[in-house]
2 protein chains.
Amino acid sequence: MPVEPNKRPVKTAETSFAILEQLKEAEEEESLGVSDLARRLGLAKSTVHRHLATLQTHGLVVEHDGGYRLGLRLLDFGLRARSLRPLYEIAKPKVDELAATTGEKVWCLAEEQGRSVHLYGAAGKHSVRTTAREGERGYLHQTAAGKAILAHAPRERVERIVDEHGLPARTPNTITSRDDLFEQLERIADRGYAFNREESIPGLHAVGAPITDDEGVATGAISISGPANRLKGDRLTKELPDLLLGAANEVEINLTFS
Amino acid sequence: MPVEPNKRPVKTAETSFAILEQLKEAEEEESLGVSDLARRLGLAKSTVHRHLATLQTHGLVVEHDGGYRLGLRLLDFGLRARSLRPLYEIAKPKVDELAATTGEKVWCLAEEQGRSVHLYGAAGKHSVRTTAREGERGYLHQTAAGKAILAHAPRERVERIVDEHGLPARTPNTITSRDDLFEQLERIADRGYAFNREESIPGLHAVGAPITDDEGVATGAISISGPANRLKGDRLTKELPDLLLGAANEVEINLTFS
DNA sequence: AATCTTGTTCGAGTAGTTCGAACGGTCGTC
DNA sequence: GACGACCGTTCGAACTACTCGAACAAGATT
């Protein structure tokens, strides 16, 4: 499913989305007003005003503190979108379990439109706090879970994803060359799981295993991540992968019979 | 802030929202196609097609199984909307704690546009499974938490809310008369917490306490709910309210100093 | 094999959006 | 205390761009 070039988009709807996007990007305690938004988006005040009024009647935006912020109707949509994914419903308890037994941060990621989405995360006792948030979008080549997904996808699919999104770096260790990527993906496919050695965040290591369907194609992945000095040696290369593969396998079985 | 009558809404944006709404209402494993949506919304196929293409490039909608479903970009927006509310961030650990100590289902609700929103829920060991979901909207007069919020709001505000949303019933016990409502609210305001005796779901009882700001106006509430035969007598009228008020008070303190 | 779907594209007509100007209100400053 | 600056809001006119319907290929169903 190549993302269509999308001739003739609905521009009016896009400006509404642009307003939502601006409000999402806004700082925590900052609430934007009509004029602020109009300036940022290069639109007339009256236009922004009209869009905001419409968004408000649908609960997508709410007045707050002399400005506007995202409305909780979006929470309804977002959580519905997530619970429609069987992967979430089934992986969640396993992710909790892994976090409890390993004490580290455990994530379940899904792939959508060539990007990764952090579906659900559970914190173990010793888990580090990173900037990752549930719902966040990321690049598949930058994480252990993402690479595990790519390694279990048809090569042409990976080619198209790289064509579209490139291989942006986040740390000196991030894979930035196509050749390196495919070389690693091959080894990951053989091994069945992937490592991340400070490729997305300095000082952070991770292991990721794919969740594959009955045709061996990945629909998501789970990962365990923690500080490099704790995730190393046999723990990183043996113990955690074992736990991870066990959990991933259980999820796969439950997925095919649901 | 009376919800404005909203002259001149942006109709084009509204049809985009209507499409999202339809996809949200859709059954679990049902994925709607262009023609389905066009039929349901009374629009031309080509119109729906164009909207879907636009929604897709923004990740709000994704192709799946020969149709479309809500995209995970909505999860990003929704979770951001929630974490922008200090109430959520601060109440969450207390809700977890209450669920663990009582063993029942504990909810944190917020008020928005005269309706309640289930911000966060935690399940205790014995907690019942209800139809309530995080992100769901409800009526304030139908639940313990909602009534606690209404009881700690200016009377004129409550009047406007009832004018706008009415007092729809969910069970034979739901409050449906204005007089009954205000009578109860008065007692709740005195007492400091509210009960729900099968007013939203048959066989379900609950206690709710408001989270108020420094002016005594409620911005949200937390509640404990469980089967009527377990939530009765002193446990319902003494023990649980005590725990609840303690937790609510802690949340309030943390909220004012954040 | 024929027929009824499906999703897709495109042109024409007009419905609806955008802009700008003007209003009243509120805040801050001189 | 009055002025000026900025805010959000409303409205009319101009023209953008959205909606519809028809027509197409591809696939499913009969």
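In what follows, chains carry the letters A, B, and so on, assigned in the order in which the sequence lines appear, proteins first and then strands, with residues in each chain numbered from 1.
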Just by distance, do the side chain of [X] and the backbone of [Y] share a donor-acceptor pair under 3.5 Å?
X: Asp213(B); Y: Glu215(B); answer: yes
X: Arg80(B); Y: Lys24(A); answer: yes
X: Ser31(A); Y: His64(A); answer: yes
X: Arg50(A); Y: Arg8(B); answer: yes
X: Ser116(B); Y: Gly146(B); answer: no

request  = Mind jotting down which residue pairs meet the ring pair (Phe, Tyr, Trp, His ring centres under 6.0 Å) criterion with at least one end in residues 134-161 of chain A? Sequence neighbours excluded, please.
outcome  =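 Applying ring pair (Phe, Tyr, Trp, His ring centres under 6.0 Å) to every pair that reaches into residues 134-161 of chain A, excluding sequence neighbours, yields Tyr139(A)-His141(A).
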Atom-pair distance ([atom1] on [X]; [atom2] on [N]), nearest Å:
X: Leu52(A); N: dT17(C); atom1: CG; atom2: P; value: 15 Å
X: Ile19(B); N: dG7(C); atom1: CD1; atom2: P; value: 13 Å
X: Leu55(A); N: dT17(C); atom1: CG; atom2: P; value: 13 Å

Contacts of type salt bridge (charged side-chain N to carboxylate O under 4.0 Å, His left out), residue Asp36(A), not counting sequence neighbours =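 Only Arg39(A) meet the salt bridge (charged side-chain N to carboxylate O under 4.0 Å, His left out) criterion with Asp36(A).
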query = Can you name the salt bridge (charged side-chain N to carboxylate O under 4.0 Å, His left out) partners of Lys94(A), sequence neighbours left out?
reply =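 Partners of Lys94(A) under the salt bridge (charged side-chain N to carboxylate O under 4.0 Å, His left out) test: Glu97(A), Glu250(A).
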Under-3.5 Å N/O pairs linking protein and nucleotides 17-20 of chain D:
{"residue": "dC18(D)", "atom": "OP1", "partner": "Lys11(A)", "partner atom": "N", "Å": "3.3"}
{"residue": "dC18(D)", "atom": "OP1", "partner": "Thr12(A)", "partner atom": "N", "Å": "3.1"}
{"residue": "dC18(D)", "atom": "OP1", "partner": "Thr12(A)", "partner atom": "OG1", "Å": "3.0"}
{"residue": "dC18(D)", "atom": "OP2", "partner": "Pro9(A)", "partner atom": "O", "Å": "3.1"}
{"residue": "dC18(D)", "atom": "OP2", "partner": "Lys11(A)", "partner atom": "N", "Å": "3.0"}
{"residue": "dC18(D)", "atom": "OP2", "partner": "Arg50(B)", "partner atom": "NH2", "Å": "3.3"}
{"residue": "dT19(D)", "atom": "OP1", "partner": "His51(B)", "partner atom": "NE2", "Å": "3.3"}
{"residue": "dT19(D)", "atom": "OP2", "partner": "His51(B)", "partner atom": "NE2", "Å": "3.1"}
{"residue": "dC20(D)", "atom": "OP2", "partner": "Ala44(B)", "partner atom": "N", "Å": "3.2"}
{"residue": "dC20(D)", "atom": "OP2", "partner": "Thr47(B)", "partner atom": "OG1", "Å": "2.9"}

query = Between Glu111(B) and Thr219(B), do the side chains contain an N or O donor and an N or O acceptor separated by less than 3.5 Å?
reply =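 Checked: Glu111(B)/Thr219(B) side chains show no N/O donor-acceptor pair below 3.5 Å.
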task = Fit a plane to each ring of Phe17(B) and Phe17(A), take the angle between them on a 0 to 90° scale, and name the class: parallel (under 30°), tilted (30 to 60°) or perpendicular (over 60°).
result =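 Phe17(B) and Phe17(A): tilted rings.
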key: Watson-Crick or G-U pairs under 3.5 Å in DNA chain C, rendered as dot-bracket with [ ] for crossing pairs and | for another strand   = |||||||||||||||||||||||.|||.||
Could you run down the sub-3.5 Å N/O contacts of the protein with nucleotides 5-7 of chain D?
{"residue": "dC7(D)", "atom": "OP1", "partner": "Arg39(A)", "partner atom": "NH2", "Å": "3.2"}

request  = Report yes if at least one side-chain N or O of His49(B) is closer than 4.0 Å to OP1 or OP2 of dT8(C); otherwise report no.
outcome  =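 Yes, such a contact exists.
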